[in-house]
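Just so we're clear, the structure is a prediction, and the values are computed from it rather than from any experiment.
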Amino acid sequence: MNADSVKDQIAAIVSLAREGQVETSGFIVGETTQNEVVAKWRTPEQTSENGGMVFAEYPANFATFGYRDDIAIDLRSDDPALQKIHYLDLLAELGDADRVTTYSDDAVDQIILGYDLPGGYTLRWIFPKPWSGSGNETETAGNPVLDHISLLGPAKNAAADAPDVAVPAKPEHPADTADSPSDDSAQAASDDSALKPSEEVTALLDNMTLDEKIGQMIVAGVEGTSLREEDRTLLHDHGVGGVILYADNIDSAAQTKSFVNEIKAANREKELPLFISVDQEGGRVARLKGVAKVPTAGKVGKENDAAYARSIGELLGDQLLSQGFNLDYAPVLDVNSNPDNPVIGDRSFGSSAALVSKLGIAVMQGLESKNVIPVVKHFPGHGDTSVDSHIALPVVNKSLDELDKLELIPFKKAIAEGADVVMIAHILLPKLDSEYPSSLSKAVITDLLRSRLGFDGVVMTDDMTMGAIAENYGLGEASVHSVQAGSDILLVAHRADNAIAAIEAVKQAVAEGKISEKRIDESVARIVALKQKYLLNN
C-alpha cells in the first residue's frame, strides 16, 4: 500500500471513531447494547471478565466488545487490513499520542498509543513495542505493524444518579478499561526497554547544566501567603522544578491565584515551567478556599459508581485550574484494610482492591481530562499501617505475594491505564528491603515498581521532611539514597534551606561518583516529558 493509501486509511479510521464506530457495522460505542450485538452477530465465540467488564469475542468479524452494564463501551478490531499501518505511519499522521502506555506478558510486548477524540472517545492503537539497539534488528522491529485498535467511549444512555454534591453539569464518563492486564497479569516491560526520550527532550537536556537538572528534581515548599525573598532565591538561583502549597499558604481564592501568579512570574526567565502542586483530595484533605466542598473518598466509595467518581475528578480539576494549579496529589489508591490506620481511613475509597481500582482510576482520568496531573499514592500501599508516617516510620511486614493480592492491585491497574506519576510512601517493608524504607529502596522503586510493574513515568517521594525520614536519616543522606533507588522527584515540603540541602547533597553525590549524570538525565527526561505532555507554562 502506498503512503497516500495508508494516510487515507488512518484518516478513515479516525473519522469513524469520532462517530463512535470502528467499522461500518452500525454499532456505536457507548450506545449499542449487548442484546443488539447478539441479535445481529449471534452468540460470541468466547466471553471473559476483566476489570468489571464482560468481553465478547467475534473472531469471524475480527471484533471484540467490552460491555459494562450491558453497554458496549470498548470495541476492538484486529481486521487484517489494519496490518498495512506501521508505527511510524501513525506518528507521521496523528503526531504524539495524548497518552502512551506499555504492556507485556509471556506472549506480547506492546505499546499503546491513545488519542482523545470529541464526545469523550479515546482511540487506541496497539503495536508490538518498537526498539532500537545494536543496529542488527530488522526494519520491522523499529517500525512494527499495527496489531489492533480499540475505541473507548462513555455509556451515554447509562448515566447514574449522583448523590447531593456539586459536580460538573456534563455527562458522566465511566473509567476507561481496555488493553489492561488482570490483577495477576505477568510482569510489564522493564525500564530498560522503555522508549528513548524524544529529540526535543534530549535537546533540552543537552543545554542544561548539572545544577539545572538537579533543581528540576525538587518540588519545594514555600512559606507564608506571598513570595518571600528566600523562596524567590530558591526559584531563581536553584531552579527547583516545582512548588507545593499547604493550608497555611492559602487564605482565599483570590490570594491563592495572586500567590501562584507571583510564583510563576519569579520563574518566567526559566525555560522549563513549574509544577504548581497541592493536596486536594476532597474530604479532610482539601487545601483550597472558596470552592465547593468535595466528599471524602470513603463516601465516593459507598456510591460505587465510576461515572460519579470521574465527575469528582473533573470537579477537582476545575477547582485546581481556577486557582492556577497544574498537579494534584490525588487520588489515594491505598486499600483501607486496617481499621486502626491513623492516616488513611476515609481518604481511601474502601477496603476492596477492586473498588479502589475502579474509583481511583476514574478520579485519575477525571483530573487528566482537565489537563491536571494526577499523582497516585502511596505506593506500595499505606492502608495496612498503624503508625502515621508524618510522625514515625510505619512497618508493613508483608511478603511480595501478600502485597500482590491486595495493596498492589490498584497501582497495577492505574499503571495499565496510563498513570503519569506515582508517589512513594515512607514505609518499611522488611520482607522486600530490611534496611531502607520504600522511598529510599531500590528493591521497591526500581525492582518492583519499574521492572516488575513496568512503570516508566515519574516517581516522586512523599515529603522528605516527614518524621518517618527526618527521625531516622539526615535529609541529604536520604535524598541521595532515594535518587540512587530510582526516585525522579524529591518532595521537600518545608523550608527553603531543606530544599537547598537536598540539592547540594545530590550534587555532591554526583561529584563523588555515587550517582552518575546519566542517572540524573533519566529522571530529568521523564520530568521534562511530563511538563510537555500537560502543556505547562509560566
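For the pair Q110 and K129, the minimum side-chain heavy-atom distance is 4.5 Å or more. The shortest distance between side-chain heavy atoms of F455 and F411 does not fall below 4.5 Å. You'll find the side chain of P331 reaches within 4.5 Å of the side chain of V376, heavy atoms only. The closest side-chain heavy-atom distance from V524 to L205 is below 4.5 Å. Looking at V356 and P410, their side chains come closer than 4.5 Å, going by heavy atoms from C-beta outward. S523 is listed as a side-chain neighbour of R526, based on a closest heavy-atom distance under 4.5 Å. Side chains of Q280 and V291 form a contact here, defined as non-hydrogen atoms less than 4.5 Å apart. Residues R124 and Y115 fail the side-chain proximity criterion, which asks for heavy atoms closer than 4.5 Å.
Annotation: the span from K358 atom NZ to R68 atom CZ amounts to 7.0 Å, rounded to 0.5 Å. Here L367 contributes atom CG and R310 contributes atom CZ; the two are 10.0 Å apart, rounded to the nearest 0.5 Å. Note that CG of L448 and CZ of F379 are 4.0 Å apart. Values are rounded to the nearest 0.5 Å. Summarising the geometry, atom CG belonging to D401 is positioned 10.5 Å from atom CG belonging to L408; distances are rounded to the nearest 0.5 Å.
Looking only at distances, no side-chain donor or acceptor of S487 sits under 3.5 Å from a matching main-chain atom of I489.
Scanning both residues, A309 and V363, for their nearest heavy atoms gives O-CG2, 3.3 Å. Of all the heavy atoms in L113 and A97, the pair that sits closest is CB-CB, 3.9 Å. Closest heavy-atom contact between P144 and F127: O-CD2, 3.6 Å. For P128 against I111, the heavy-atom pair with the smallest separation is O-CG2, 4.1 Å. Listed here is the closest heavy atom pair of L234 and A499: CD1-CB, 3.9 Å.
Checked against M464 for a side-chain contact (heavy atoms from CB on, under 4.5 Å), the options L491, N498, L440 give a single hit: L440. Of the residues D328, D334, D463, D279, the one that meets the salt bridge (charged side-chain N to carboxylate O under 4.0 Å, His left out) test with K377 is D279.
S348 is linked by a side-chain hydrogen bond (donor to acceptor under 3.5 Å, both in side chains) to nothing, counting only residues two or more places apart in sequence or in another chain.
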Working for side-chain hydrogen bond (donor to acceptor under 3.5 Å, both in side chains), residues Y67 and D74: CA-CA 7 Å; Y67 300 103; D74 179 3; over 6 Å; no
Chi angles and distances behind the side-chain hydrogen bond (donor to acceptor under 3.5 Å, both in side chains) call for Q216, K531: CA-CA 11 Å; Q216 283 297 307; K531 290 183 174 183; 2.7 Å; yes
Candidate pair D116 and R99, rule salt bridge (Lys or Arg N to Asp or Glu O under 4.0 Å), full reasoning: CA-CA 9 Å; D116 295 333; R99 58 186 59 83; 2.8 Å; yes
CA sep, side-chain torsions, deciding dist, call: H481, Y473, side-chain hydrogen bond (donor to acceptor under 3.5 Å, both in side chains): CA-CA 10 Å; H481 278 308; Y473 304 90; over 6 Å; no
Candidate pair Q319 and Q323, rule side-chain hydrogen bond (donor to acceptor under 3.5 Å, both in side chains), full reasoning: CA-CA 7 Å; Q319 292 180 344; Q323 298 185 21; over 6 Å; no
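The number of heavy-atom neighbours closer than 6.0 Å to CG of D96, taken from other residues, nucleotides and ligands shown, is 12 or below. Atom NZ of K533 has more than 12 heavy atoms from other residues, nucleotides or ligands within 6.0 Å.
A salt bridge links D404 to R452: at least one charged side-chain nitrogen sits closer than 4.0 Å to a carboxylate oxygen.
Applying the salt bridge (charged side-chain N to carboxylate O under 4.0 Å, His left out) test to every pair with at least one member in residues 424-439, sequence neighbours left out, gives no pairs at all.
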